[in-house]
Amino acid sequence: MAASRKQSSGVDVVRNAPDGSQEPAITTKRSVSERALAHAFPPYLEALNAEQRAAVETLEGPVLVLAGAGTGKTRILTTRIAHLLATGRARGSQILAVTFTNKAAREMKERVGQLVGGAVKGMPWLGTFHSICARILRRHAEIVGLKSSFTILDTDDQIRLLKQLLAAGDIDAKRWPARQLAGQIDSWKNRGLTPDKVPAGEAFAFANGKGAEIYEQYQTRLKELNAADFGDLLLECLRLFQNNADVLAEFHQRFRYMLVDEYQDTNVAQYLWLRLLAQGNRNLCCVGDDDQSIYGWRGAEVDNILRFEEDFPGAKVFRVEQNYRSTGHILAAASGLIAQNEGRLGKTLHTDIGDGEKLRVQGVWDDEEEARTIGDEIESLQRANHALNEIAILVRASFQMRAFEDRFVTLGLPYRVIGGPRFYERAEIKDATAFLDVMVNSANDLKFERVFNVPKRGLGQASLQKVMSHARARAIPLYHAAKEIVETDELGPKPRRALAGLIAMFERWRSMLEGMAHTELAELILDESGYTEMWQRDKSPQAHSRLENLKELIRFMGEFETMQGFLEHVSLVMDADTNDDVDRVSLMTLHAAKGLEFDTVFLPGWEEGLFPHQRSLDESGQAGLEEERRLAYVGITRAKRRACISFTQNRRIHALWQSAIPSRFVDELPEEHVEVVVDSQRPGNYFSNPGTSRFDKPGAGFQSSYSTPGWRRAQRQWAEKPQAVRDRGPITIDGEFVASSTVHDARYGVGERVMHQKFGVGTVTEVDGNKLVIDFESAGRKRVVDSFVTPA
DNA sequence: AACTAATACTTTTTT
DNA sequence: AGTATTAGTT
């Protein structure tokens, strides 16, 4: 037996033991599994520095850990959990650990598993706020007026429902868009406001006071539909706790220890929820960084973290300031910048890594030059064997990505876009899952409505109205109303036949649910419904990738035991793993970059109006400016060794060119940590040479166009799997991308007709290795790499 | 009911 | 500029 190791941990345990009533079996009578755990656990505490260790070992009472960027925040949380488990203070099922994203939850689960040696299977209460609330609600659904089988609505469903209510309330949908009300309701829910508690002023702001009324009707409708939106998961759970002392007491007893990740991002509802739960044994540990609060615009309250000590008297606050990520200049520059914020708790990060390179700041003429400069820089880093995976470009707004994508496509530089539309948000995926939803649960009105006329089967508004009013009159779900109505002469002959056909299909599928593999059934449904065919006939360039996505969906479904299991997952977990081990440059927004790190980080677009964003300034004034500054801080601190900031002299906003002035953040950077780059190749070019600007170029200003969320992903998928790369095929694409270093046979000849995902159809006019010059019918002449193109 | 023309909107985004 | 959505037309 590893007596010595067990011994030393035993000492730690005793020192930290509370009154003793809750930990009877720690040193004397351990269960076999606990002893096995103790035997197996690594000296996890020794991997921590003094600051981290203090934060981990203070297990009792409220604790706030202020963990700056790159200080090992996740390590603290996971080690804390491991410590709780290993010392026998709590079983996995007695620990509540909340995160904001599924990704964070997954990572935490993994890392706890590593620490405890994979022995921790059961941590049922480690998850996102929403998934945990959903779990609690399913258990006590009746109390809040739901059945435990309630469905979770996505944004689409939400807006469809609101539109109906607005129409019924005779409100001009033009002046008062459902979208806006959805956002408003969301923000009310974020603040824990039920319809009766909405402040009069705000209630009046939408449709002269009708907003609050609709909110109330909306909630009623949700109950009728046995449904909850994302905000409800939290708000209803909160109400459940507030109004039912017995239920709350049950969870007080269950959760011996509570941990919260990214506490600075919590909104009011989440704060109230946590506070109620913490009333039990007060073992609440929140980890966060006030300097990284960048989600104020969607309800996060920095105040929650700033007020922690008042909210939880006797709270211990730990500052973790040893940074393991960045070099000295980077850290100092970031610190100097964020120091200009007033509302902060204040931390002083330090690093042992050494000074490293200074931050580079560079002014350029316009966004094209910016992309060109950064592209060149990346190519030279690549030649010096810098992994592309360790390079990121972080932009303030997604439209900035276009210039980079254009440039990278031309250079043949492999890149990936992170963020943007998620897999499950794509129309084809939503349509497909709507079919499955209705089949599994015929009472899912909103999904039924979604597929009512998809693919087009001649059922329009008129038919839908009839079915809806029938459903309303009889107080039955739409599907059943439709089933009844086709037995009558209510509808004309054509719609009647179409609707009868739809119902018959659903009935048939449902009867097959038991007898066949769910993935097969899903394929059959997509086939028979005509949905696959719909996209096969579609001749838009994106149709191909949509079909690919459907295949991907089926493949992903195979990872679940049952259709129901899959659908439950889909409603809550809006992300699919794209484990992509190809070496690529990452392109994303600053928001999407939080929590990530890269050797080299490019930060383009530091101009007044764009960053800090004008809208943020207009809407939130000083607070908005400080949040933008935190965003800048997040951006810089993503870098491990190299950070390059740039700004343009001219920026096109909407359609027109404006001269831009450098962001105030540029001048706020402490000078001693910054190196100003003046391009020696073209001295002074960005102050004096509009002559060679894009205005002279053929086709300039008409650079094709698709900055839509859609094609970026399509583009990526196109690049990812032109051939059957599916199951971890060889990474041959990589070779094709690295144009200059690879010699191989040209795949296309001059005069050949080709199809490009972004530029459409064109004719090859020049071939240079794997680089092609193509005259596109609509986009003009472009240089592209052959892997982005297919024979037309 | 489906097509075409005009109109509005354009920061960041998770669940 | 460009798209997405909606209103009006066939």
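Only this structure's heavy atoms are used, side chains among them; waters, hydrogens and symmetry mates stay out. Remember, it's a predicted structure, so these values are computed and weren't measured experimentally. Residue numbers start from 1 in every chain, and the chains themselves are labelled A, B, ... in the order their sequence lines are given, proteins ahead of strands.
Panel note: side chain A/Thr433, backbone A/Lys430; a donor-acceptor pair is recorded below 3.5 Å. One N or O on the side chain of A/Gln400 and one on the backbone of A/Arg396 form a donor-acceptor pair closer than 3.5 Å. A/Thr637 places a side-chain N or O within donor-acceptor distance of the main-chain N or O of A/Tyr633, the cut-off being under 3.5 Å.
Note on A/Ala134: nothing from the nucleic acid sits closer than 4.0 angstrom, heavy atoms only. Contacts of A/Lys163 with the nucleic acid, taken as non-hydrogen atoms under 4.0 Å apart, involve only primed sugar atoms and P, OP1 or OP2.
A donor and an acceptor atom, one from each side chain of A/Asp154 and A/Gln158, are nowhere located under 3.5 Å apart.
When rounded to the nearest whole Å, the span between CH2 of A/Trp273 and C1' of B/dT15 equals 14 Å. Distance, A/Glu425 CD to B/dT15 P: 9 Å, rounded to whole Å. As rounded to whole Å, 14 Å separates atom P of C/dA4 from atom CG of A/Asp156. Here the P atom of nucleotide C/dT5 and the CG atom of A/Leu166 are 17 Å apart, to the nearest Å. In this structure, CG of A/Leu153 is placed 12 Å from C1' of B/dT15, rounded to the nearest angstrom. Protein atom CD of A/Gln461 is 12 Å distant from nucleotide atom C1' of C/dT6, rounded to whole Å. When rounded to the nearest whole Å, the span between CG of A/Leu137 and P of B/dT15 equals 18 Å. One can place CD of A/Gln658 at 15 Å from P of C/dA1, the figure rounded to the nearest angstrom.
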Give me, pair by pair, the N or O atoms of the protein and of nucleotides 7-13 of chain B that are less than 3.5 Å apart, along with how far apart they are.
{"residue": "B/dT11", "atom": "OP1", "partner": "A/Arg615", "partner atom": "NH1", "Å": "2.4"}
{"residue": "B/dT11", "atom": "O4'", "partner": "A/His613", "partner atom": "NE2", "Å": "3.1"}
{"residue": "B/dT11", "atom": "O2", "partner": "A/Arg396", "partner atom": "NH1", "Å": "2.9"}
{"residue": "B/dT11", "atom": "O2", "partner": "A/Arg396", "partner atom": "NH2", "Å": "2.4"}
{"residue": "B/dT11", "atom": "O4", "partner": "A/Glu619", "partner atom": "OE1", "Å": "3.4"}
{"residue": "B/dT12", "atom": "OP1", "partner": "A/Ser398", "partner atom": "N", "Å": "2.7"}
{"residue": "B/dT12", "atom": "OP1", "partner": "A/Ser398", "partner atom": "OG", "Å": "2.4"}
{"residue": "B/dT12", "atom": "O4'", "partner": "A/Arg396", "partner atom": "NH2", "Å": "3.1"}
{"residue": "B/dT12", "atom": "O2", "partner": "A/Trp297", "partner atom": "NE1", "Å": "3.2"}
{"residue": "B/dT12", "atom": "O2", "partner": "A/Arg396", "partner atom": "NH2", "Å": "2.6"}
{"residue": "B/dT13", "atom": "OP1", "partner": "A/Thr589", "partner atom": "OG1", "Å": "2.5"}
{"residue": "B/dT13", "atom": "O4'", "partner": "A/Arg298", "partner atom": "NH1", "Å": "3.4"}

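The same atom, P, is picked in C/dA4 and in B/dT11; the two are 15 Å apart, to the nearest Å.
The side chain of A/Thr128 has B/dT15 as its nearest neighbour among B/dA1, B/dT15, B/dA2.
In this model, the phosphate group of B/dT15 is not approached by any side-chain N or O of A/Lys103 to a distance below 4.0 Å at OP1 or OP2. In terms of phosphate contacts, A/Asn453 brings no side-chain nitrogen or oxygen within less than 4.0 Å of OP1 or OP2 of B/dA1.
Between A/Lys456 and A/Leu233, the one whose closest nucleotide on DNA chain B sits nearer the 5' end is A/Lys456.
Ionic pairing of A/Asp265 and A/Lys594 is present here: one or more N-O contacts between side-chain nitrogen and carboxylate oxygen are shorter than 4.0 angstrom.
Aromatic pair A/Phe404/A/Tyr415: ring centres not closer than 6.0 Å.
A cation-pi arrangement is absent between A/Arg629 and A/Phe665, since the terminal nitrogen or guanidinium carbon is not both under 6.0 Å from the aromatic centre and inside a 45° cone about the axis.
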